[in-house]
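Below is one structure, written out as structure tokens, with a few remarks after it.
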Amino acid sequence: QVQLVESGGGLVQAGGSLRLSCAASRRTFSMYQMGWFRQAPGKEREFVAALTWSGGNTFYADSVKGRFTISRDNAKNTVLLQMDILKPEDTAVYYCAAGRDLYSAGSAVVYYWGQGTQVTVSS
């Protein structure tokens with residue numbers, strides 16, 4: 001059974017924008033912190049962004065801060081990642097995640113992963 005379903009990936013030129021969506025079950029969405037990770041070819045999966053249940057606190061990797069915005073729609077059980085001013089180095093498979101302390105390299109725990117969606121940014 002799929003817990004997280006992603007959409008919104010694609011091909012875009014540098015400087016462009018994409019918006020990723022992740023739909024969760026009500027149970028998953030209500031129980032866990034939500035966020036995004038990404039994995040580029042030959043690289044380890046890395047944290048991108050996360051937020052608290054209320055959306056009042058957000059967390060971003062330094063590499064995307066100021067360009068990406070994470071938000072949460074509790075009524076729709078959906079988390080969004082608005083990606084602006086995209087760069088070629090943003091090219092990766094992006095994974096939605098549900099867990100705890102997602103922003104913490106030392107304590108992050110992911111209980112569910114989305115299937116992944118490809119984001120490709122051309123030069």
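Distance alone, capped at 3.5 Å, places no donor-acceptor pair between the Y103 side chain and the G35 backbone. No side-chain donor-acceptor contact under 3.5 Å links T91 to the backbone of T120. With S30 contributing its side chain and R26 its backbone, the two residues share a donor-acceptor pair below 3.5 Å.
With a 4.5 Å cut-off on side-chain heavy atoms, E6 and S21 do not count as touching. At a threshold of 4.5 Å between non-hydrogen side-chain atoms, the residues L80 and M34 do not count as touching.
When the side chains of ILVMFWY residues are joined at heavy-atom separations under 4.5 Å, either directly or via intervening members, L20 and V121 end up in a single hydrophobic cluster. In the hydrophobic cluster analysis, where Ile, Leu, Val, Met, Phe, Trp and Tyr join through side-chain heavy atoms closer than 4.5 angstrom, L4 is grouped together with V119. Residues V110 and F59 are members of one and the same hydrophobic cluster, defined by side-chain heavy-atom contacts under 4.5 angstrom among Ile, Leu, Val, Met, Phe, Trp and Tyr. Residues W113 and F47 are members of one and the same hydrophobic cluster, defined by side-chain heavy-atom contacts under 4.5 angstrom among Ile, Leu, Val, Met, Phe, Trp and Tyr. Under the 4.5 Å side-chain heavy-atom criterion for Ile, Leu, Val, Met, Phe, Trp and Tyr, L86 and V48 are members of the same hydrophobic cluster.
By the 6.0 Å and 45° rule, R27 does not stack over the aromatic ring of Y32.
How far CD of E46 is from OG of S63: 5.5 Å, rounded to the nearest 0.5 Å. Residue C22 holds its SG atom at 10.5 Å from CD of Q3, rounded to the nearest 0.5 Å. Atom CE of M83 sits about 11.0 Å away from atom OG1 of T69, to the nearest 0.5 Å. A distance of 11.5 Å separates CH2 in W36 from CG in L51, rounded to the nearest 0.5 Å. A distance of 12.5 Å separates CZ in R72 from OG1 in T58, rounded to the nearest 0.5 Å. The line from CG of L81 to OH of Y94 is 7.5 Å long, rounded to the nearest 0.5 Å.
Closest approach of L102 to A50, counting heavy atoms only: CB-CB, 4.0 Å. Taking every heavy atom of both residues into account, L18 and G8 meet most closely at CD2-O, 4.0 Å. Between T28 and Y112, the closest heavy-atom pair is CG2-CD1, 4.0 Å. What you find for V79 and F29 is that their closest heavy atoms are N-CE1, 4.1 Å. Listed here is the closest heavy atom pair of A40 and A92: N-CB, 3.8 Å.
Within 6.0 Å of atom CD in E89, more than 12 heavy atoms from other residues, nucleotides or ligands are found, so the atom counts as buried in its surroundings. In this structure, R67 places its CZ atom where more than 12 heavy-atom neighbours from other residues, nucleotides or ligands lie under 6.0 Å away.
Ionic pairing of K87 and D90 is not present here: no N-O contact between side-chain nitrogen and carboxylate oxygen is shorter than 4.0 angstrom.
Under the side chain to side chain contact (heavy atoms under 4.5 Å, CB included) criterion, S107 pairs with D101, S104, sequence neighbours left out. Under the salt bridge (Lys or Arg N to Asp or Glu O under 4.0 Å) criterion, K76 pairs with no residue at all, not counting sequence neighbours. The side chain to side chain contact (heavy atoms under 4.5 Å, CB included) search around R100 returns V109, Y111, not counting sequence neighbours.
Side-chain atoms of D73 and T78 form no donor-acceptor pair, as typed in the model, at a separation below 3.5 Å.
Taking the six-membered ring where the residue is Trp, the centroids of F37 and Y95 are separated by 6.0 Å or more.
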